[in-house]
Amino acid sequence: MSTQPHYAVPFPIPEANTDHIKRKMFDLPYAHSSPAQKLDIYWPEEGNGPFPVVISIHGGAFMGGDKRDIQIKPMFEVLKHNYVLVGVNYRLSGEATFPALIHDIKAAIRWIRANAQTYLFDPHRIATWGGSAGGYLSLMAGVTAGIRELDDPSLGNADQPDHVQAVVSWFPPTDFLKMDEQLAESGFAPLPEFAHSGENSPESLLLGRKITEVPDLVRVANPETYIRPGLPPFFIQHGRLDETVPYQQSLHFANQLAAVNPQGVTYEILPEARHADPAFETPQNIQKVLNFLDKALRF
């Protein structure tokens, strides 16, 4: 968890209860340059795999959250459908600025492939799933495979590929410089002290500079920059009433992605949902995610 108080993460996020999961392992290091570089593994109750893998990436404004907090709770449903769930921690902005967190996610993906036989993973069927900052990282994992500038092979398993076969993203930020303008369009203009363009915003702290002063770096950090043919399928959902990350962020990304990969994106606006709304975690909505994963990974 972040140790510095901040308006974006005003209180610790409670831990999820994992007592009901029989087969699990906690805090396995996937790299060794930071204590944050650890992951948890949850297996289905029965079977020896190899199981398709869903990587859970937590949110928390790039500065908080944890792989074992309640954000992972709806994702436990994948265990009933014969997926392995891997919860990943990554370096937060208080420890390291962009692109360290993307380096970490890719290192975790490579570790999963390198250790597939030991831990019953199917190295050819890997998906990412996250919300908010985790949704952003899920998108980045999907669009930046093989982009050398956003990788750090020294973190380990450099011989393994870093691509994934499917992406689930809930209410992700994409283009940091447009967030305040888009929130204003939706009637949610932030107060100056909470503006995304401010020097104390989660996005500015992630990049290490006020985002308005580093537009080129904002572009490097934007998943839209890496859209190209041949990307994996994406399932993206956003709440129309999101007052934190405007829905236009994922809408614009999805439209750009669909222009290049027409069959490669499913985008849905939840008309009454706010940021991290319980509507995303209903059984009906989780079933939509599972249907997408089955279609993408059960080939």
List the residues meeting side-chain hydrogen bond (donor to acceptor under 3.5 Å, both in side chains) with [X], not counting sequence neighbours, and say none if there are none.
X	value
Thr174	Gln249
Tyr247	none
Lys67	Asp27, Asp40
Glu181	none

Handout entry: Partners meeting ring pair (Phe, Tyr, Trp, His ring centres under 6.0 Å) with Phe235 (sequence neighbours left out)
Key =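 Phe235 satisfies ring pair (Phe, Tyr, Trp, His ring centres under 6.0 Å) with Phe292 only.
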Handout entry: All pairs passing side chain to side chain donor-acceptor pair (under 3.5 Å) where residues 7-25 contributes a residue, at least two apart
Key = none
Exercise for the section: Provide the full list of side chain to side chain donor-acceptor pair (under 3.5 Å) pairs with a residue in residues 265-277, sequence neighbours left out, each pair given once. Expected result: Ser132-His275, Gln237-Glu268, Asp242-His275, Ser250-Tyr267, Glu268-Lys288
By side-chain contact (heavy atoms from CB on, under 4.5 Å) - contacts of [X] (at least two apart):
X	value
Ala141	Ile105, Ile109, Thr128
Asn115	Trp111, Tyr119
Ala127	Ala166, Leu293, Leu297

Would a distance-only check, ignoring hydrogens and angles, find a side-chain to backbone donor-acceptor pair under 3.5 Å from [X] to [Y]?
X	Y	answer
Ser204	Gly198	yes
Ser201	Ser197	no
Asn261	Arg228	yes
Tyr30	Asn89	yes
Asn285	Thr282	no
His196	Thr244	yes
Ser169	Ser138	no
Tyr83	Asp294	yes
His81	Asn291	no
Arg125	Gln165	no

Practice task
Indicate the ring-plane relationship of Phe171 and Phe280, choosing parallel, tilted or perpendicular according to the 30° and 60° boundaries.
Solution key: perpendicular
Fill in the blank from the handout: The reported gap from CZ in Arg219 to OG1 in Thr225 (rounded to nearest 0.5 angstrom) is 4.5 Å
Problem - Atom pair CD1/CD1 of Ile41 and Ile55 - distance to nearest 0.5 Å - result: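 Separation between the atoms: 11.0 Å.
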Handout entry: Hydrophobic cluster membership, Leu39 vs Ile102, 4.5 Å side-chain cutoff
Key =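 Leu39 clusters together with Ile102.
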Practice task
Mind jotting down which residue pairs meet the salt bridge (Lys or Arg N to Asp or Glu O under 4.0 Å) criterion with at least one end in residues 88-97? Sequence neighbours excluded, please.
Solution key: Arg91-Asp104
Completion exercise
For residues 164-179, the salt bridge (Lys or Arg N to Asp or Glu O under 4.0 Å) pairs (sequence neighbours left out) are Asp175-Lys178
Problem - Pair His58-Gln71, side chain to side chain donor-acceptor pair (under 3.5 Å): steps then yes or no - result: CA-CA 6 Å; His58 71 81; Gln71 297 178 73; 4.5 Å; no
Handout entry: Centroid-centroid under 6.0 Å between Phe194 and Phe188 rings
Key = no
Handout entry: Full working for side-chain contact (heavy atoms from CB on, under 4.5 Å) between His238 and Val245
Key = CA-CA 9 Å; His238 213 123; Val245 177; 3.7 Å; yes
